[in-house]
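This report concerns only the one structure given below.
These values consider heavy atoms only, across backbone and side chains, with no hydrogens, waters or symmetry-generated copies.
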Amino acid sequence: MKKTLAAVAVLGAFAGSALAADVTLYGRIDTGFNFSSNSIDVEGVEVVDDQDWGMASGQTTGSRLGIKGTEQISEGLAVGFVLEHGLSSDTGADSDSDRFFNRESMVQIISDYGTLAFGRMGTLNSDAGTFGFYSGAVNPFGTGWNAIPGVGGDLFAAPSARWDNMITYKSPTFAGATVYAQYSTGGDSTEDGFEENSNKFDRYVALGVNYANGGLNLAAVVDWVDEGETVANYDQEDMYTINVGGIYDFGVMKPYLAVQYFKNADEVAGILGLIEDAVR
């Protein structure tokens with residue numbers, strides 16, 4: 001009898017602890033119908049004449065299902081987590097066959113000194129996940145570059161929007177300014193022969209600052225990819241980008257400006273295609 005009562009008391013303690021946590025189940029479904037018509041003539045001869053109509057997932061933003069939560073450990077200290085899975089709403093298929101929580105999978109420690117997070121998460125210069133602030137700060141559409149027709153990923157060079165084995169630090173906000181830092185010990189842990197934090201795989205480093213005051217939102221990110229050295233890619237030059245931009249919300253309009261300098265980034269986004277077109 002004593003053992004039974006003790007077990008009930010322990011279960012009661014765990015139940016009380018679980019109820020104290022703030023856990024949220026969330027998601028987003030983005031489905032629509034597309035119609036496209038492509039016609040290409042070469043020297044007056046039509047070589048392509050295609051029309052396509054159908055349903056597609058992720059018209060403006062990716063469909064996802066997630067769970068997130070925080071729990072206050074003590075005054076000025078909390079722990080949290082985010083698990084977010086991408087899916088195709090038109091078919092129900094996973095958006096990534098190698099991972100379940102492919103959009104974000106991380107734990108974080110939140111204190112008066114800032115937030116420290118570990119796991120798979122979005123880069124600072126994206127709009128992905130908890131810490132991707134740059135794209136939203138310089139893009140009036142409030143989403144990824146592909147929301148800007150004719151610009152999108154064809155203009156701005158950027159490494160992968162999400163990285164495995166990422167460590168992120170976000171400082172407290174002081175006078176409207178927030179500082180960020182990121183480091184990934186390995187680009188894709190699903191690859192065969194993965195050696196975390198070795199020169200065999202890409203590693204990512206980023207520093208950023210965001211200043212927000214009323215309708216003004218300014219942002220800057222410097223990031224660098226330490227390219228992995230493989231037999232097929234031994235002399236690959238490391239890539240880096242410098243991104244500066246901002247936006248001002250007048251209420252009826254949002255002018256924005258984004259400037260980027262990049263080096264050794266011709267194999268990311270749409271830059272390679274633009275270079276090939278230019279030299280033909």
Partners meeting ring-ring contact (aromatic ring centres under 6.0 Å, His included) with Phe33 (sequence neighbours left out): Trp53
Expected output: side-chain Glu71 to main-chain Ala78 donor-acceptor under 3.5 Å: no
Hydrophobic cluster membership, Val205 vs Tyr240, 4.5 Å side-chain cutoff: yes
Gly66 versus Leu25, closest heavy-atom pair with distance: O-CD1, 3.3 Å
Any donor-acceptor pair under 3.5 Å from Arg162 side chain to Arg103 backbone: yes
Side-chain donor-acceptor contact under 3.5 Å, Asp223 with Thr241: yes
Any donor-acceptor pair under 3.5 Å from Ser184 side chain to Asp164 backbone: yes
Residue pair Val225 / Trp163, side-chain heavy-atom distance below 4.5 Å: yes
Cation-aromatic face contact Lys68/Tyr26, 6.0 Å, 45 degrees: yes
Gln108 side chain near Lys170 side chain, heavy-atom distance below 4.5 Å: no
Donor-acceptor under 3.5 Å (Ser63 side chain, Asp30 main chain): yes
Min side-chain heavy-atom separation Val244-Leu218 under 4.5 Å: no
Any Met106 side-chain heavy atom under 4.5 Å of Met166 side chain: no
Nearest heavy-atom neighbours spanning Leu83 and Ser105: CD2-OG, 3.6 Å
Mutual orientation of the aromatic rings belonging to Tyr180 and Phe131 [parallel < 30°, tilted 30-60°, perpendicular > 60°]: perpendicular
Side-chain (Glu104) to main-chain (Ala128) donor-acceptor, under 3.5 angstrom: no
Point-to-point distance, once rounded to the nearest 0.5 Å, from CZ of Arg28 to CG of Leu87: 12.0 Å
In one Ile/Leu/Val/Met/Phe/Trp/Tyr side-chain cluster, 4.5 Å: Tyr261, Met239: no
Hydrophobic cluster membership, Ile242 vs Val221, 4.5 Å side-chain cutoff: no
Same apolar cluster: Tyr169 and Phe174, side chain cutoff 4.5 Å: no
From CG (Asn165) to CZ (Arg120), nearest 0.5 Å: 10.0 Å
From CG (Asn217) to OH (Tyr134), nearest 0.5 Å: 11.0 Å
Beyond-backbone contact of Leu216 with Tyr211, side-chain heavy atoms, under 4.5 angstrom: yes
Student check: side-chain heavy atoms of Asn264 and Asp238 closer than 4.5 Å: no
Atom pair CG/CG of Leu124 and Leu207 - distance to nearest 0.5 Å: 8.0 Å
Closest non-hydrogen atom pair between Gln72 and Leu77, with its separation: NE2-O, 3.2 Å
Indicate every side-chain donor-acceptor pair of residues 246-253 with a distance under 3.5 Å to a residue at least two apart or in another chain.
from	atom 1	to	atom 2	distance (Å)
Asp249	OD1	Gly251	N	2.8

Asn102 side chain vs Gly86 backbone, donor-acceptor pair below 3.5 Å: yes
Separation between OG1 of Thr115 and CD1 of Ile109, rounded to the nearest 0.5 Å: 10.0 Å
Pairwise side-chain contact, Gln260 with Asn125, heavy-atom cut-off 4.5 Å (strictly under): no
4.5 Å side-chain heavy-atom contact, Met55 and Thr31: yes
Check: Ser171 side chain, Val179 main-chain N or O, donor-acceptor pair, under 3.5 Å: yes
Approximate separation, where rounding is to 0.5 Å, of Phe81 CZ and Ile67 CD1: 4.5 Å
Linked, directly or transitively: Phe133 and Val209 (ILVMFWY side chains, under 4.5 Å): no
Counterpart residues, ring-ring contact (aromatic ring centres under 6.0 Å, His included), relative to Phe100 (two or more places apart): His85
